[in-house]
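Structure record follows, encoded as structure tokens.
As a basis for the values below, the full set of heavy atoms in this structure was taken, side chains included, without hydrogen atoms, waters or symmetry mates. Protein chains get the first letters and strands the later ones, always in sequence-line order, with residue 1 at the start of each.
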Protein chains: 2
Amino acid sequence: MLVARITLAKTDANCLDCPIRHRAVCASCTSSELEELNRIRQYRTWKAGETIAWAGENMSFVGSVVTGVATLSSTLVDGRRQMVGLLLPSDFLGRPGRGEVSYDVVAATETTFCLFQRDQFERFLSKSPSIAKELLEKTLDDLDSAREWMLLLGRKTAREKIASLLVMMARRDGALHRNEPGDGLVFPLHITREAMADYLGLTVETVSRQISAMKRDNVIQLMDTRTIRVPDFNRLVEQSAASSGFEDAHHALPETTAKRA
Amino acid sequence: MLVARITLAKTDANCLDCPIRHRAVCASCTSSELEELNRIRQYRTWKAGETIAWAGENMSFVGSVVTGVATLSSTLVDGRRQMVGLLLPSDFLGRPGRGEVSYDVVAATETTFCLFQRDQFERFLSKSPSIAKELLEKTLDDLDSAREWMLLLGRKTAREKIASLLVMMARRDGALHRNEPGDGLVFPLHITREAMADYLGLTVETVSRQISAMKRDNVIQLMDTRTIRVPDFNRLVEQSAASSGFEDAHHALPETTAKRA
DNA sequence: ACGCGAAATTGACATGGATCAAGGAAGTTC
DNA sequence: GAACTTCCTTGATCCATGTCAATTTCGCGT
């Protein structure tokens, strides 16, 4: 498997060494707050394909993705499925004040969470304005992403959907690592074609066909089925039918900017 | 025009008389907090069709819808448009900490907002945990709605989309008024067929055809083009392909529950 | 190295919704 | 109350994507 198997000790590691220290909900905590979080947090890892929580189930934990990728998805009674969110490192899972989870949460790759008992976290939340602020900020970002995705689902063509997904993956990957673009941008997809289809509101067949078509047109190359090389990132962005709004001003192009880690 | 023309004096009215007093971000404010809000708030009304803010523009206000309906929508460079949110009374517009608005905001009907200067609101927000909590709560609700809509956009058929929209409109209407179901449920749509199409990721033609088809099948009746009568609400819900999850447990069926006003 | 199952690709065909086009209904202006 | 304009409906046709089916490739365990 391609995914780095970083295995973190459940309690040993310190928040200060945490890879998502500066990007998760705890980003702006004071050191005394961090100490308290450090005491009540727990790491837990799910293997690729494992279900972390079922829609409707009660979940007593909330927390952040430390490493890996997890998906949020909804299902209609007849089995049609739509992914409604992607959890990447530093993303938060769980809703303070509500145990019941609204979507199936599945580990797409091996995924490690930094978890808190929900009631403990809620108590902490009500004491700590900084974490409340970060959580609101994150939720607003999630809302923006969800709405951007609505535009994609409602109005973009299959080709544009695939391009948009690749752009997003490249950006989110670039925000973590830092891709020095020597001979193009290379990044991993992490997810299966089926997961892509679920995310984009397409079928696997259409995803596969469009990827083949983009390969033929030399917009992308496949190192292997899950690793994309993009010779010309701008060309890819063009094909994604980026919206005329200015939402993207808040995202980082992998080459140009990256949140300081 | 069908919309009630409640015209509120800009500064006269008191928060205590506000129609959204118990459902807006200020719902759980203390009376001293309310007094302060009362001093810094302003009512402002937009006529149907007027643009409240353009995507990318800087907006120095945030606030809540008091009466009316406004839409949030994104546009692709070539003009394809997708509505990404609907603002009904008590819904909040604006993002603390960011002036730039991500979507076009348009008054679908005559719409009155209760507005605050953004910096004033932010100052208030950082002092008032109760309003911060409400805002987080609202944002999480918005996120849930957006995700439910993603499922609709990605996976539902035209028929199911229309049914879902009608169910939503009926519910949101029912949460405000209280429909005593004598001879079926009657509610106004407020929005044009075009707005419906924008919301559902369809064309006007398809919206119109599906509405005609549902009329033919006696799932709905039209009192006039914008007023729907539903003889059997459950039948409508069935046609909406409600998801197998449990998200709906948090919404009120018009007949069964309604938030106390 | 072999074989198995899952994932991905490709082809042939079907269809739901878009597009193009025309006309009707309802509200507004002079 | 005639002429617009905007909104809505309906019909005919087309095409992007879904569906069904077969085959290939890849990853992994033995």
Sugar-phosphate only, base, or nothing, as touched by L202(A) at under 4.0 Å among non-hydrogen atoms:
sugar-phosphate
Can you tell me if R193(B) touches the phosphate of dT6(D), counting only side-chain N or O atoms and a distance under 4.0 Å to OP1 or OP2?
no
Is any side-chain nitrogen or oxygen of T203(A) closer than 4.0 Å to OP1 or OP2 of dG18(D)?
yes
Assert: residue with more 5' nearest nucleotide on DNA chain D, out of T157(A) and T225(A), is T157(A)
Would you check if there is a donor-acceptor pair between the side chains of T227(A) and D224(A) at a distance under 3.5 Å?
yes
Under the criterion side chain to side chain contact (heavy atoms under 4.5 Å, CB included), which of T157(A), I220(A), V219(A) is the partner of Q239(A)?
V219(A)
Hey, does G201(A) reach any base, or is it just sugar-phosphate, or nothing, if we go heavy atoms under 4.0 Å?
sugar-phosphate
Should L86(B) and M169(B) count as side-chain neighbours, where that means a heavy-atom distance under 4.5 Å?
yes
5′-ward residue of the pair R216(A)/R155(A) relative to DNA chain C:
R216(A)
Could you state the CD-C1' distance from Q210(A) to dG11(C), rounded to the nearest angstrom?
15 Å
Under 4.0 Å between a side-chain N/O of S212(A) and OP1 or OP2 of dT9(C), yes or no?
no
Within the structure shown, what part of the strands sits under 4.0 Å from T192(A) by heavy-atom distance: base, sugar-phosphate, or nothing?
sugar-phosphate
Side chain of E205(B) only, please: which of dC20(D), dT19(C), dG18(D) is the nearest?
dT19(C)
Look at T206(A) and dG18(D) and indicate whether a side-chain polar atom (N or O) is within less than 4.0 Å of OP1 or OP2.
yes
Does a side-chain N or O of R209(A) approach OP1 or OP2 of dT9(C) to a distance below 4.0 Å, or not?
no
Looking at E194(B), I'd like to know if its CD atom is crowded, meaning that more than 12 non-hydrogen atoms belonging to other residues, nucleotides or ligands lie closer than 6.0 Å.
no
